[in-house]
Amino acid sequence: MATDSSNGDHQKAGKQPPLPSPLRFSKFFQANMRILVTGGAGFIGSHLVDRLMENEKNEVIVADNFFTGSKDNLKKWIGHPRFELIRHDVTEQLLVEVDQIYHLACPASPIFYKYNPVKTIKTNVIGTLNMLGLAKRVGARILLTSTSEVYGDPLIHPQPESYWGNVNPIGVRSCYDEGKRVAETLMFDYHTQHGIEIRIARIFNTYGPRMNIDDGRVVSNFIAQAIRGEPLTVQVPGTRTRSFCYVSDMVDGLIRLMEGENTGPINIGNPGEFTMIELAENVKELINSTVEIKMIENTPDDPRQRKPDIAKAKELLGWEPKVKLRDGLPLMEEDFRLRLGVAKKN
Ligand SMILES: NC(=O)c1ccc[n+]([C@@H]2O[C@H](COP(=O)([O-])OP(=O)(O)OC[C@H]3O[C@@H](n4cnc5c(N)ncnc54)[C@H](O)[C@@H]3O)[C@@H](O)[C@H]2O)c1
Ligand SMILES: O=c1ccn([C@@H]2O[C@H](COP(=O)(O)OP(=O)(O)O[C@H]3OC[C@@H](O)[C@H](O)[C@H]3O)[C@@H](O)[C@H]2O)c(=O)[nH]1
């Protein structure tokens, strides 16, 4: 294991950050905080927007190309005076005046990020470069949603931030995991070279309401299958593990990271670890005990195990997840039943 203690945390920039807008220092007028959320029409992004909009001092701008996201996720904010939605692809430049940038834009489900791998890596590399260029011009603080996938198929378990990972650079997942690794590198290079204030969250598998029904990720697949009375498709061997974080906990962690003093990278995830068979059994028990569990083929390079070490998040952000898997699944079930139009039988 590589244990370089200078792995990003508290790294001191060589340069002073660019000055934020003069409005920030205006004597007589308390400006609202302008916040850009890229990928804000997606699953995590739209929950983040909900939370940011609760604060009346925030103006929120969402930039999204709607590849996996949808206006529907933001419908309650469209037309609100503190909210703006822009159809924009982050691989192109964006000129807006903001104080903070939450940079989430990137398809997250393997079936979507593998669909057009060249576009995925462009989104991660050129998209992150563009957002860093914007942060540099306007003096904004920028947070990147990186991923547990930077640890690849991890040989250290659970994964601390100091672990450098075990990633296949030319595999079918590389457009995403190597893309995010480059995005992290760009964040630190802009921080060191230009003094940009950066924050990096390494997000572990997150679930909750508003995931696309056809998203393809395991929790949304199993819940939709259980509600429809279809077999739960467990990919072989069924002993792969993941640790699932409910979306409200995730949003709380992201905001704490943005508002805190630490650059990260910081793992944000729920350390409760489950095999895919265990997950299927939980879904079966909670949602529909009549469905069967069906073993199906897996995809290449599927990480064998994943569980976050969240000691840093606890210590530096005062954060830990509150929602257990067995409490989060029924909350997601409610939303899926509404969207699928299938009521629960008593
Ligand atoms: N959900 C998870 O389990 C998880 C885990 C680790 C990291 N993350 C990261 O969190 C972020 C959000 O994930 P999510 O689960 O909400 O995914 P999502 O697919 O629901 O949301 C991604 C959003 O980004 C938009 N987008 C994609 N490419 C874009 C582009 N080129 N320009 C502008 N918009 C673009 C999509 O339309 C969508 O609204 C992603 O960066 C993802 O890598 C998520
Ligand atoms: O129907 C399914 C779907 C998936 N799976 C299994 O469930 C596990 C999790 O797969 P998912 O597709 O949900 O997500 P992964 O953990 O592979 O990737 C995710 O990791 C973190 C994020 O960056 C992204 O959201 C995504 O890349 C895998 O072992 C997969 O083989 C099933 O058993 N059945």
Side-chain angles (χ1 to χ4, degrees), residues 37-49 62-71 73-74 86-92 94 102-114 116 119-120 122-124 126-128 130-131 143-151 153 173 176-177 179-180 183 201-208 210-212 215-225 230-245 247 250-251 254 267-269 274-277 279-280 283 293-306 308:
V37 181
T38 74
F43 160 53
I44 299 177
S46 63
H47 286 278
L48 174 64
V49 169
V62 165
D64 201 297
N65 71 352
F66 303 121
F67 174 50
T68 51
S70 144
K71 281 187 196 168
N73 289 336
L74 296 168
I86 309 173
R87 180 185 291 268
H88 177 82
D89 195 303
V90 293
T91 57
E92 303 289 337
L94 179 62
Y102 285 89
H103 178 39
L104 281 73
C106 178
S109 167
I111 57 171
F112 285 96
Y113 69 63
K114 290 178 198 168
N116 184 343
K119 181 62 198 270
T120 300
K122 278 187 179 169
T123 296
N124 278 318
I126 302 172
T128 303
N130 282 335
M131 291 310 114
L143 179 150
L144 170 76
T145 51
S146 184
T147 169
S148 52
E149 297 246 329
V150 298
Y151 301 121
D153 186 14
R173 299 173 86 100
Y176 184 76
D177 48 30
K180 291 282 188 182
R202 290 191 180 148
I203 298 181
F204 283 65
N205 295 57
T206 303
Y207 70 100
R210 287 195 203 140
M211 288 186 91
N212 278 327
D215 183 88
R217 281 178 278 188
V218 69
V219 181
S220 46
N221 274 4
F222 285 180
I223 291 193
Q225 288 161 344
E230 294 166 359
L232 310 185
T233 53
V234 174
Q235 294 176 346
V236 290
T239 49
R240 302 280 199 253
T241 69
R242 294 294 187 273
S243 306
F244 298 101
C245 185
V247 67
M250 180 54 56
V251 166
L254 294 178
N267 290 338
I268 305 192
F274 297 83
T275 66
M276 293 311 106
I277 294 271
L279 175 68
V283 169
I293 293 176
K294 181 176 154 194
M295 301 304 294
I296 63 165
E297 211 180 306
N298 205 338
T299 53
D301 292 348
D302 180 32
R304 279 168 288 191
Q305 52 179 359
R306 212 150 64 199

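Note that the structure is predicted; figures quoted are calculated from it, not measured. By convention here, the first residue in the shown sequence is residue 1. All ligand and atom numbering here is 1-based and tracks the order in the structure.
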At less than 4.0 angstrom from any non-hydrogen atom of [X], what atoms of ligand 2 do you find?
X      : answer
Asn221 : 1 (O), 2 (C), 3 (C)
Arg240 : 29 (O)
Arg306 : 15 (P), 16 (O), 18 (O), 19 (C), 20 (O), 21 (C)
Val234 : 33 (O)
Tyr113 : 27 (O)
Thr147 : 21 (C), 22 (C), 23 (O)

What pair of heavy atoms forms the shortest contact from Ala201 to Ile268, and how long is it?
CB-CD1, 4.2 Å

Which atom of Val247 lies closest to which atom of Gly208, heavy atoms considered
CG1-CA, 4.2 Å

Once you measure the plane-to-plane angle for Phe112 and Phe67, does it fall in the parallel (<30°), tilted (30-60°) or perpendicular (>60°) bin?
perpendicular

Parallel, tilted or perpendicular: which fits the ring planes of Tyr151 and Phe204, with parallel below 30° and perpendicular above 60°?
tilted

Is it true that a side-chain atom of [X] and a backbone atom of [Y] form a donor plus acceptor pair closer than 3.5 Å?
X      : Y      : answer
Gln225 : Thr233 : yes
Asn298 : Val236 : yes
Thr38  : Ala105 : yes
Asp89  : Asn65  : no

Would you kindly specify which portion of Glu149 sits under 4.0 Å from ligand 2, judged on non-hydrogen atoms: side chain, backbone, both or neither?
side chain

Is ligand 2 under 4.0 Å from a heavy atom in the side chain of Asn298, in the backbone, in both, or in neither?
side chain

Could you tell me the residue and atom name of the protein heavy atom closest to [atom], and the distance to it rounded to 0.1 Å?
atom                    : result
atom 25 (O) of ligand 2 : Arg217 NH1, 3.0 Å
atom 33 (O) of ligand 2 : Gln235 N, 2.8 Å
atom 26 (C) of ligand 2 : Ala108 O, 3.1 Å
atom 16 (O) of ligand 2 : Arg242 NE, 2.5 Å

Show me, pair by pair, the donor-acceptor contacts under 3.5 angstrom made by side chains of residues 39-49, not counting sequence neighbours?
{"unit_1": "Ser46", "atom_1": "OG", "unit_2": "Gly42", "atom_2": "O", "d": "2.8"}
{"unit_1": "Ser46", "atom_1": "OG", "unit_2": "Phe43", "atom_2": "O", "d": "3.1"}
{"unit_1": "Ser46", "atom_1": "OG", "unit_2": "Arg210", "atom_2": "NH1", "d": "3.0"}
{"unit_1": "His47", "atom_1": "NE2", "unit_2": "Pro209", "atom_2": "O", "d": "2.9"}

Hey, is Pro110 one of the residues with a heavy atom under 4.0 angstrom from ligand 2?
yes

Could you establish whether Arg173 and ligand 2 come within less than 4.0 Å of each other, counting only heavy atoms on the residue side?
yes

Tell me, please, which residues at least two apart from Asp215 pass side chain to side chain contact (heavy atoms under 4.5 Å, CB included).
Ser109, Met211, Asn212, Arg217, Ser220

Taking side chain to side chain contact (heavy atoms under 4.5 Å, CB included) as the test, write out the residues that go with Thr145, two or more places apart.
Leu104, Leu143, Lys180, Ile203, Leu254

What distance separates Met131 CE from Leu144 CG, expressed to the nearest 0.5 Å?
12.0 Å

d(Thr241 OG1, Met276 CE) to nearest 0.5 Å is 6.5 Å

Salt bridge (charged side-chain N to carboxylate O under 4.0 Å, His left out) assessment of Asp153 paired with Arg173:
CA-CA 11 Å; Asp153 186 14; Arg173 299 173 86 100; over 6 Å; no

Is it true that, when you exclude Lys122 itself, more than 12 heavy atoms of the residues, nucleotides or ligands shown sit nearer than 6.0 Å to its NZ?
no

What do you reckon, does Met276 have a nitrogen or oxygen under 3.5 Å from a nitrogen or oxygen of ligand 2?
no

Under 3.5 Å between some N or O of ligand 2 and some N or O of Asn205?
yes

Could you name the protein residues that come within less than 4.0 Å of ligand 1, counting only heavy atoms, and order them by chain and residue number?
Gly39, Ala41, Gly42, Phe43, Ile44, Asp64, Asn65, Phe66, Phe67, Thr68, Gly69, His88, Asp89, Val90, Leu104, Ala105, Cys106, Pro107, Ala108, Thr123, Thr145, Ser146, Thr147, Tyr176, Lys180, Ile203, Asn205, Thr206, Arg217

Option nearest atom 22 (C) of ligand 2 (shortest heavy-atom distance, choices Phe204, Tyr176, Phe112)
Tyr176

For atom 34 (N) of ligand 2, the option (of Thr233, Asp302, Val218) bearing the nearest heavy atom
Thr233

